[in-house]
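Below you'll find the structure, written out as structure tokens, and then a few comments.
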Protein chains: 2
Amino acid sequence: MTTNGAIFEVKMAQASVLKKVIDAIKDLLGDSSWDCTNSGMSLQAMDSAHVALVNVLLRSEGFENYRCNRNVTLGISLGSLTKVLKCAGNDDELTIRHDDKTNVVTFGFTNDESERYAEFDLKLMNLDSESLAIPEIEYDCVVKMPSTEFRRVVQDLAQFGDSIDIVCAKTNVLFEATGDIGKGQIRLSERSSKKSDQDVTIEMIEPVRLTFALKYLNMFTKATPISDVVQLALSNNHPLCLEYPIPEVGRVRFYLAPKINEEN
Amino acid sequence: MTTNGAIFEVKMAQASVLKKVIDAIKDLLGDSSWDCTNSGMSLQAMDSAHVALVNVLLRSEGFENYRCNRNVTLGISLGSLTKVLKCAGNDDELTIRHDDKTNVVTFGFTNDESERYAEFDLKLMNLDSESLAIPEIEYDCVVKMPSTEFRRVVQDLAQFGDSIDIVCAKTNVLFEATGDIGKGQIRLSERSSKKSDQDVTIEMIEPVRLTFALKYLNMFTKATPISDVVQLALSNNHPLCLEYPIPEVGRVRFYLAPKINEEN
DNA sequence: GGCATTGGCA
DNA sequence: TGCCAATGCC
């Protein structure tokens with residue numbers, strides 16, 4: 001448990017935050033390559049089928065303590081990390097530590113009263129880091145809505161087909177799926193209330209109409225527990241960017257290229 | 001979403017009512033043929049094994065709005081309808097619409113604040129409509145009891161055998177099942193209290209003793225959520241008529257022919 | 001806040 | 001297929 005020589009040592013107040021993040025991405029990615037710098041930890045990778053892209057950012061300010069003496073990349077199996085995180089109590093504090101003289105990363109869990117300390121060393125993996133620069137474009141439509149409601153839309157329409165059409169206009173967004181048994185349409189209109197996490201807001205520059213594979217959107221909604229709200233950023237002929245803010249800490253983003261509609 | 005040309009358009013205040021009805025019958029029937037007239041929607045069909053008969057009536061007065069310009073029969077897959085109804089919120093209003101220039105029926109769900117509108121088109125099926133006239137006979141015994149209590153009787157006795165004997169006398173009714181492990185008997189007597197939905201009442205003209213397959217009764221009790229009370233109408237050598245009233249709206253009836261007891 | 005039901009996981 | 005967790009309803 002010595003910390004001497006550790007070039008990376010951070011403490012997260014709630015292990016459950018990382019738990020939710022890993023739950024959200026482990027079905028898409030087998031392994032993870034975390035870039036650790038002074039400003040935070042981030043991950044970016046294509047899913048195993050090279051269709052979707054996952055981007056996670058955990059800002060250093062979101063941690064209780066954050067120290068990173070030298071930039072380092074930690075290659076971690078998400079399967080192993082999931083096992084480790086299962087050993088954390090929900091309110092446990094989480095310490096992540098790495099000493100570059102070793103090839104392990106250490107996860108430590110402490111509960112509030114520090115009566116229990118659990119520590120797990122995971123072997124690091126050497127992963128090909130595909131550095132994928134994603135241009136931050138201005139999207140034609142940006143929709144914010146409750147994350148559970150988005151999951152609901154995706155799950156409901158998955159009953160009707162493999163693809164979902166998203167048609168966004170100034171004040172409402174239409175989700176549509178067609179299949180053998182019939183057609184399903186769900187229309188949401190802008191709304192606001194006292195509980196702002198229940199709002200639906202739309203910022204539109206240009207209307208969009210895009211088609212996506214429901215299978216992937218469904219996997220993305222595994223991130224629902226991370227945040228009450230989700231943001232869909234859409235542009236014609238561009239990948240969707242689905243963002244779940246990690247409160248106080250950062251975000252998880254999923255990118256998915258639209259299907260090219262045969263009838264277009 | 002135009003309603004022009006719709007020859008059938010009705011609005012039900014609670015989608016959950018139809019949900020419960022469909023849940024109650026979908027295990028017995030694969031498809032459903034709904035006769036829609038000015039006075040309501042009704043369905044009548046044998047189960048796939050041609051042993052039991054299901055009859056549903058939804059009276060027009062039970063709807064918020066009801067318009068049926070011309071009698072029409074809607075052939076609907078209950079599997080598909082179940083999928084559609086999964087997409088309804090519990091308190092959603094339900095609109096059912098059909099235009100006879102199309103071969104679809106449209107189910108629309110609106111929540112209270114109408115910020116979300118979901119609409120599903122189901123393809124209609126061409127079903128052989130077996131019109132089965134059921135004579136309304138006067139039954140020898142009519143038993144009313146709490147629906148949950150009837151379900152309990154059926155489930156409890158199903159532990160002991162495949163068949164249930166129902167023996168009804170003037171003031172009490174006996175349910176009995178015999179099997180390898182032994183015999184189970186449950187006797188209910190007439191009773192009444194302030195909460196009349198907890199009453200057991202018996203109207204007897206003639207005592208009856210009948211045997212039924214528990215497997216079917218068990219399936220019928222899927223209708224328990226529809227109503228607090230259930231009515232058993234029994235006559236010697238006649239099918240049982242099990243009726244779950246749909247409050248304010250109509251009823252679901254199940255008919256089941258008695259087993260002929262070998263020892264009789 | 002507790003209970004029941006449902007969906008996910010083993 | 002059975003158990004457990006999470007969610008939605010009362």
Side-chain angles (χ1 to χ4, degrees), chain A residues 14-30 77-92 145-160 186 193 195 197-198 214-230 244 247, chain B residues 13-27 78-79 81-94 109-113 115-116 118 146-152 154-156 158-159 195 197-198 215 218-219 221-228 244 247:
Chain A
Q14 298 261 295
S16 57
V17 171
L18 186 64
K19 210 170 186 169
K20 288 178 196 166
V21 170
I22 301 305
D23 279 346
I25 65 175
K26 70 173 194 298
D27 292 337
L28 281 158
L29 310 177
S77 147
L78 289 177
S80 306
L81 183 50
T82 300
K83 288 181 182 174
V84 166
L85 292 170
K86 274 213 182 99
C87 306
N90 251 18
D91 297 326
D92 281 3
M145 69 169 84
S147 61
T148 51
E149 190 153 357
F150 179 67
R151 180 176 58 189
R152 179 88 195 283
V153 166
V154 169
Q155 287 180 353
D156 283 356
L157 291 185
Q159 313 245 1
F160 295 88
I186 298 170
S193 63
K195 303 180 61 181
D197 58 7
Q198 289 302 308
L214 273 165
K215 178 185 155 191
Y216 281 93
L217 294 188
N218 216 343
M219 287 196 276
F220 299 166
T221 61
K222 292 281 195 310
T224 304
I226 292 174
S227 169
D228 292 333
V229 297
V230 66
Y244 292 86
Chain B
Q14 298 260 296
S16 57
V17 171
L18 185 64
K19 212 171 186 168
K20 287 178 196 166
V21 169
I22 301 305
D23 278 346
I25 65 174
K26 69 172 195 295
D27 292 338
L78 289 177
L81 183 51
T82 300
K83 286 183 181 179
V84 166
L85 292 170
K86 271 211 185 103
C87 305
N90 250 19
D91 297 325
D92 281 4
E93 244 182 23
L94 163 65
F109 304 111
T110 336
N111 68 359
D112 283 350
E113 299 82 14
E115 298 141 347
R116 180 183 198 267
S147 61
T148 51
E149 191 154 357
F150 179 67
R151 180 176 56 188
R152 183 80 197 285
V154 169
Q155 287 178 353
D156 285 355
Q159 314 255 356
K195 301 180 63 182
D197 57 9
Q198 288 303 308
K215 177 185 156 193
N218 215 345
M219 287 197 274
T221 62
K222 293 282 195 312
T224 304
I226 291 175
S227 169
D228 291 334
Y244 292 85

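Reminder, nothing fancy here: chain letters follow the sequence lines and each chain counts from 1.
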Item checked: Rounded distance (nearest 0.5 Å) linking atom NZ of A:Lys26 with atom OG1 of A:Thr82 -> 5.0 Å
Between [atom2] on [N] and [atom1] on [X], what's the gap in Å once rounded to a whole number?
X: A:Arg152; N: C:dG7; atom1: CZ; atom2: C1'; value: 14 Å
X: A:Ile226; N: D:dA6; atom1: CD1; atom2: C1'; value: 16 Å
X: A:Lys26; N: C:dC9; atom1: NZ; atom2: P; value: 7 Å
X: A:Lys222; N: C:dC9; atom1: NZ; atom2: C1'; value: 11 Å
X: A:Lys86; N: C:dC9; atom1: NZ; atom2: P; value: 10 Å
X: B:Lys20; N: C:dT6; atom1: NZ; atom2: P; value: 12 Å
X: A:Glu149; N: D:dT7; atom1: CD; atom2: P; value: 16 Å
X: A:Asp156; N: C:dT6; atom1: CG; atom2: C1'; value: 14 Å

Check: Are A:Asp91 and A:Gln14 close enough that some pair of their side-chain heavy atoms sits under 4.5 Å apart?
Finding: yes
Notebook entry, point to check: Taking only residues two or more places apart in sequence or in another chain, which ones pass side-chain hydrogen bond (donor to acceptor under 3.5 Å, both in side chains) with B:Asp156?
Noted result: B:Arg152
Item checked: Listed partners of B:Thr148 passing side-chain hydrogen bond (donor to acceptor under 3.5 Å, both in side chains), at least two apart -> none
